[in-house]
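What you are looking at is a predicted structure, and each value in this text was computed from that prediction instead of being measured. Counting starts at 1 for both ligands and their atoms, following the listed order. We use all heavy atoms of the structure for the numbers below, so side chains are in, but hydrogens, waters and symmetry mates are not.
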Amino acid sequence: MTATPPLFDAAFRERFDALLRWRRDVRHFRHEELPAGELDAILDTARLAPSVGNSQPWRFVRCCSDDLRERLASHVDQQSAAAATAITDPERAASYARLKLHGLREAPEIVAVFSDDDPAAGHRLGRATMRETLRYSTVLAIDHLWLAARVRGVALGWVSILDPAFVTALLDAPPGWSLVALLCLGYPEHETDTPELERRGWQARHPLTILMR
Ligand SMILES: Cc1cc2nc3c(=O)[nH]c(=O)nc-3n(C[C@H](O)[C@H](O)[C@H](O)COP(=O)(O)O)c2cc1C
């Protein structure tokens, strides 16, 4: 079956480039709910991601209760404090202490993303020698989600300073689901084309390196 694709012309490419340049990891959210159906629409676009064997292993858990939100936030605070003890350089340690590394208490939506380690879909095609391709597929869905949110003005913050076993148990995830990400979504306090870690002097972007063989 063939169909006529939309025209991805130079103007579109410029806008697409702007989308990528203005996608940010955000930790500062306004206290404003997303409109009804907005999160569903974003997740629906995320599922257009490619996946090994078309297995679509991404699984989303929307965290709705205040109790869950506070438990997740305090867990990440604890893990972040523990991570800080491993930083030996005093200047780095002071810089780390000033960073805000999650918006779990403010973001209107919290979504945990799991990857099914043995989905029925796909009939195991393509993953016999690289089981990790399932999780790679889930990460691609997260990237789709990130961009789908951004075009709607919705910001996303990826939270990984956590113990996946703790979060998996807290969310009572089904057996065989592995935690890939904890995401905060909501409207950002401010817009910028520069990563927060770069603005705060933690880490700037590298120039591109390509090896030729
Ligand atoms: C796998 C992954 C895990 C991340 N975990 C965290 C996190 O725990 N806390 C945080 O503040 N940012 C986290 N980030 C966001 C990165 O810090 C951010 O993507 C990077 O600094 C570049 O900024 P940008 O996304 O705005 O371009 C994570 C990003 C990725 C891709």
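At the shortest separation from atom 26 (O) of ligand 1 among protein heavy atoms lies Arg24 NE, 2.7 Å. Among protein heavy atoms, atom 7 (C) of ligand 1 sits closest to Trp158 O, 3.1 Å. Scanning the protein for heavy atoms near atom 5 (N) of ligand 1, the closest one is Ser160 OG, 2.7 Å. The protein non-hydrogen atom at the shortest distance from atom 23 (O) of ligand 1 is Pro195 CB, 3.2 Å. Protein heavy atom closest to atom 18 (C) of ligand 1, with residue, atom name and distance, is Asp25 CB, 3.8 Å.
At a 3.5 angstrom cut-off on N or O pairs, Glu196 does not count as close to ligand 1.
Remark: the Ser80 side chain and the Tyr96 side chain contain an N/O donor-acceptor pair separated by less than 3.5 Å. For the 3.5 Å distance criterion, the side chains of Ser55 and Arg127 fail to qualify, holding no donor opposite an acceptor.
Residue Arg205 touches ligand 1 through its side chain alone, judged by heavy-atom distances below 4.0 Å. With a 4.0 Å heavy-atom cut-off, ligand 1 is reached by the side chain of Arg27 but not by its N, CA, C or O.
Atoms of ligand 1 lying under 4.0 Å from any heavy atom of Val159, numbered from 1 in the order shown and given with element: 7 (C), 8 (O). Interface atoms of ligand 1 facing Ile161, defined by a heavy-atom separation under 4.0 Å, are 8 (O).
Contact of the Arg105 side chain with the Glu70 side chain is registered, since non-hydrogen atoms from C-beta on lie closer than 4.5 Å. Looking at Trp202 and Leu99, their side chains come closer than 4.5 Å, going by heavy atoms from C-beta outward. Side-chain contact check for Cys63 versus Leu72: some heavy-atom pair is nearer than 4.5 Å.
Atom 20 (C) of ligand 1 lies below 4.0 Å from none of the non-hydrogen atoms of the protein.
Partners of Arg27 according to the side chain to side chain contact (heavy atoms under 4.5 Å, CB included) rule, which considers only residues two or more places apart in sequence or in another chain, are Asp25, Lys100, Glu196, Leu197.
Heavy atoms of Arg23 approach ligand 1 to within less than 4.0 angstrom.
Nearest-heavy-atom check against atom 10 (C) of ligand 1 across Leu99, Val76, Leu101 picks out Leu101.
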Apply side chain to side chain donor-acceptor pair (under 3.5 Å) to residues Thr138 and Ser115 and explain how you reach the verdict. CA-CA 6 Å; Thr138 297; Ser115 198; 2.7 Å; yes
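Of the charged side-chain nitrogens involved, at least one lies within less than 4.0 Å of a carboxylate oxygen, so that Arg62 and Glu109 count as a salt-bridged pair.
In this pair, Phe12 and Phe8 present their aromatic rings tilted. The plane angle is within the 30 to 60° band.
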